[in-house]
Amino acid sequence: MGMFDPLKGFGVTFSTMFKKVVTEQYPEDYYPTAPRYHGRHQLNRHPDGLEKCVGCELCAWACPADAIFVEGGDNTEEARYSPGERYGLDYQINYLRCIGCGLCIEACPTRSLTMVNFYELADDDRQKLIYTKEDLMAPLLPGMEQPPHPMRLGESEQDYYVHGPELARGRGVPSGETVETSVEEAIQ
Amino acid sequence: MTMAPEETETEVPEGHVKLIVDGEEVIAPKGELLIRTAERLGTVIPRFCDHPLLDPAGACRQCLVEVEMGGRPMPKPQASCTMTVADGMVVKTQRTSPVADKAQQGVMELLLINHPLDCPVCDKGGECPLQNQAMAHGRASSRFVDTKRTFPKPLPISSQVLLDRERCVLCQRCTRFSAQIAGDPFIELLERGVHQQVGTAETAAVFSGTPAPEPSDMASKTSSGAPFQSYFSGNTIQICPVGALTSAAYRFRSRPFDLVSSPSVCEHCSSGCAERTDFRRGKVMRRLAGDDPDVNEEWICDKGRFAFRYAAASDRIRKPLVRDAKTGELVETSWTEALRVAADALSKARDARGAAVLTGGRLTVEDAYAYSKFARIALRTNDIDFRARAHSAEELDFLAGVVGTTPDHVSFAAIERAPTVLCVAIEPEDEAPIVFLRLRKAALKHSTKVVHVGQWTTSSVRKTNGELLACEPGGEAAALDGIAQHAKDLDAGLAEAGAVILLGERAAEVVGLFSAVQRLAERTGAKVAWIPRRAGERGALEAGAAPTLLPGGAAVSDADARAALESAWRLDAGVLPSSPGRDTTGILWAAATGDLDALVVGGIDPDDLPDPALARKALAAAGFVLSMEMRPSAVTEHADVVLPIATVDEKSGRFLNWEGRPRPFTVTLEGTNALPDCRVLDTLAVEMDADLFTQTPQASFADFERAVSAGRSVVRETNGSGTAEHSRPHAGESNGNGKLKLATWRQLIDEGSLQAGEPHLAGTARTAVVRLSAATARDHGIEPGEHATVSTERGELTLPAEIADLPDGVVWVPARSPVSIRTALGVGHGGAVSLSGGTA
Ligand code: SF4
Ligand code: SF4
Ligand code: SF4
Ligand code: SF4
Ligand code: FES
């Protein structure tokens, strides 16, 4: 063992002292994730504000962690929440169970359910980690109206599914912006 | 039905044929359908229209297989659900034949051409034969690129069934069910070619484009324009292989994977249907028909299917209530406190003028037994009666002979096989719907002759191809006695082996009817079956919840039987009360006049009782009323203590159906903390220093069996069989100045307390009308379609008038319309009423 050996170990330490720091000062600073990070879920809206969720429970079925609870409801002429017959009456995701796998997103037939990048899903209260429909619903963007209200973009749900994007332009959603996913800042 | 795959030379038994299915040699009974033969071999051929209980239709063509006869292949694939087995046939299913497989895929592609992409919003999704079979026997992609045919949807064809024509695969299961099983005009195949659809006259008018009319316009009409009032339409929802017929009550409530299914037994009538109860997160979502070939086959009535919401009602009583002495209000309290108050009051009443028990008709055997034992050892009385309806002493004598009979006596199968069935004082469709379905099956399939002793050609008479033996209400006994002279062919029919007489609860309102039935049965040799209306009556009878009968059916006056029971119950000799108790009316009368100090009341609606006014007076006058209830009722209004009890979903137990067949069921909803009656009574009895040993339904049943076998070990005293002269039951007491006779019974769907909270079911109830003959209407100046008023000194009832083939001088009114006829008029079946033209 040479006489400088004890100091050699500090070499790494000394050299690192003069490099750029990689530690992130969370939570003082907020750092964005990779764009396709699996964060919190969001229930999207049609361009007129009607909900995309049809309460089909396919997301709940797909979920390997049994984190989702859905119960469907019947749209009436007086109270319409989604185009067509059926809407999601009750929607809950339990973030104590969710493993962020995204299988629910793949299962959703209407692209109602997507994930945003928000990742601060921790709390000291279990109850607060069961997100309800109000917590998960996408914010109302310009041109959108809080349901219940009649179908504004067509006669039937077919119009919404077949011509959705064009109809959205007509409602003033700027081109280049998707109607499904809102801007990330809206969540913060 | 044997198959012998190994042996090369198998003997073909008589009435069987030998064929080859997928290379395997099979012996099959003659007449078996290929689709079933394949099923026995474990090969499931895809199908939509095939249903084992419906006649083959060959409508969907999904079950195609390749068939070779006598060495020559048939030119095209054949439908295996319509073709029967034949000797030397060679059958190749999709398993071994690419031709059959391709044919099935082709049919599937055609079926899907116009099928909507509705799975996410379709109630059948997850349990859909079309989904499943399209995955198993369909192609992954469709070649169809054009626009699909669409219809407006969903259309209500009744308040409980919704039709979506886009999803229909035209299998005709629903139309065949309506025609062959229920006999109700429901929906039919309409139009031709690409426009072919199922529906009613109203739905056909709603073709693409036109806006849907108001649902209320359509909900009540069938294709013939008659009002839609089937008691069995829920079955079409269950057998529809796609989501074309869905339930309004279950609409979008859950998916099959959310549901936990538990086998259960219907609590609504004495048929004892097997059911499946599906619940989600502690709440029952739906009930489906179970499969029990001995009882209900695969059908249930709509009451059994839809009437379960009462159990989840928001006003369920969940905690014991005690009436506050100062405010007079019922207040929630602890079990300990409520039981102490009840035990003190009942002990005091027992030691003074006595306490009596009215159990009601909805109990399991276990619970009824607990009431029976509670009355005898805690209250030391025989004042107990399960009959919360019109009753008579004569009936009690007759019932002593019913105790202990099993399906070996008369069963559903016996009804189906019977050459002749005589229905006396029973309207099977209203009172025992599954008995009605069997009668109809017997009449249609086995040409059973069905004769109804009644007042008019009801739908039960029509749909069982029946014959009406018309008589005045109250004249049923005379009509039976007249059979020997006036209906010789019926007399001969009843003398044939296997002939059956069915007797309903209304018999108790007709003086001398039980003895007339017994005379007829003795003379002809026909077997008599008593078919009560409610699920708990037969079990309560067996459990001895009657004033003259001990558990097992021995008479209370029989000293040997009492001694045997005392030793089985480990009591001191001679402690059981020996004098026969009072019946329901006797108990109420005694309570109203102060001869009784306390009443213990199970599930009873005073409006069902022969004299509701007397019942109300008794409840008000009794010093202490203990009510064992699930929800607030007319009894809890007067109760001093209310103890909450479990519904059938929350407890285990068994009903005894009219055949005497035990119908056990287990707990569906675990962990509700609701206690069955037997447990509550057990604890209450302990407070009164008596041990019932009925802590759980299991314990109660074991104790019941001990008591019954103890009773069997002694010779039973012969019970009077209608020898005594019986006075007219209180209910029929006429008020003298009436000119017409009243016929009445309860319809299946009415205001019964177990049907609460289900508007979709209530929507298919039959409209309440006054029925009378054309001559009677003319005499009283009533035009058909107008209203008629039926009245007595007590009150009056105005309903639309309808002409039917009643005897002159007779009017028929449903027993609930929706007011109880006994409350409104104070009379029952056979009572005297006056009639006048009423105002609308
Ligand atoms: S991300 Fe995965 S675990 Fe989370 S809710 Fe969706 S399916 Fe379930
Ligand atoms: S989020 Fe999508 S998959 Fe889930 S219930 Fe709604 S529509 Fe169905
Ligand atoms: S009937 Fe079956 S295949 Fe058709 S939409 Fe409904 S679930 Fe899908
Ligand atoms: S409605 Fe259902 S049961 Fe009736 S024909 Fe259509 S698919 Fe068959
Ligand atoms: S199942 Fe054979 S034709 Fe429909």
Side-chain angles (χ1 to χ4, degrees), chain A residues 43 50-92 94 103-113 130 133 150-151 154-163, chain B residues 116-128 131 145-156 159-160 162-167 208-216 243-244 246-260 278-283 285-286 759-760:
Chain A
L43 290 167
L50 284 179
E51 293 159 12
K52 285 193 168 177
C53 178
V54 292
C56 66
E57 303 194 25
L58 291 184
C59 49
W61 204 348
C63 178
D66 200 5
I68 309 186
F69 170 84
V70 188
E71 192 171 330
D74 198 358
N75 280 318
T76 59
E77 284 314 316
E78 298 80 54
R80 170 172 294 288
Y81 293 88
S82 73
E85 296 174 41
R86 181 168 176 155
Y87 76 103
L89 173 69
D90 193 351
Y91 197 102
Q92 298 168 18
N94 183 346
L103 290 180
C104 48
I105 311 303
E106 286 183 44
C108 181
T110 61
R111 256 186 95 65
S112 162
L113 195 64
I130 298 174
K133 192 173 158 187
M151 288 185 267
E155 290 288 307
S156 74
E157 76 272 24
Q158 295 291 339
D159 297 330
Y160 279 77
Y161 293 128
V162 181
H163 310 295
Chain B
L117 291 170
D118 266 359
C119 298
V121 294
C122 174
D123 259 339
K124 204 77 174 184
E127 52 183 1
C128 177
Q131 272 184 334
V145 288
D146 294 297
T147 316
K148 290 181 189 251
R149 178 197 58 185
T150 56
F151 290 110
K153 63 184 194 176
L155 300 181
S159 59
Q160 62 203 13
L162 304 172
L163 170 66
D164 183 323
R165 288 169 290 179
E166 292 173 358
R167 297 179 194 151
S208 300
T210 44
E214 282 301 299
S216 58
T246 52
S247 155
Y250 178 65
R251 190 164 161 81
F252 306 153
R253 298 303 301 278
S254 55
R255 289 281 176 206
F257 58 86
D258 301 317
L259 297 169
V260 184
D278 286 352
F279 66 94
R280 179 184 194 181
R281 304 218 301 179
K283 233 169 121 184
M285 288 286 146
R286 64 173 176 186
H760 302 292

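Residue numbering restarts at 1 for every chain, and letters A, B, ... go by the order of the sequence lines.
A heavy-atom distance below 4.5 Å is found between the side chains of A/Cys104 and A/Ile68. Side-chain contact between A/Thr110 and A/Tyr161 is present, with heavy atoms from C-beta onward closer than 4.5 Å. With a 4.5 Å cut-off on side-chain heavy atoms, B/Glu166 and B/Lys148 do not count as touching.
A salt bridge links A/Lys133 and A/Glu51; the closest N-O separation between the charged side-chain nitrogens and carboxylate oxygens is under 4.0 Å.
Looking at B/Arg251, the atoms closer than 4.5 Å to chain A (heavy atoms on both sides) all sit in the side chain, from C-beta outward. Within the 4.5 angstrom heavy-atom criterion, only backbone atoms of B/Cys122 (N, CA, C, O) approach chain A.
The candidate from A/Ser156, A/Pro109, A/Gly73 with the greatest count of non-hydrogen atom pairs under 4.5 Å with chain B is A/Gly73.
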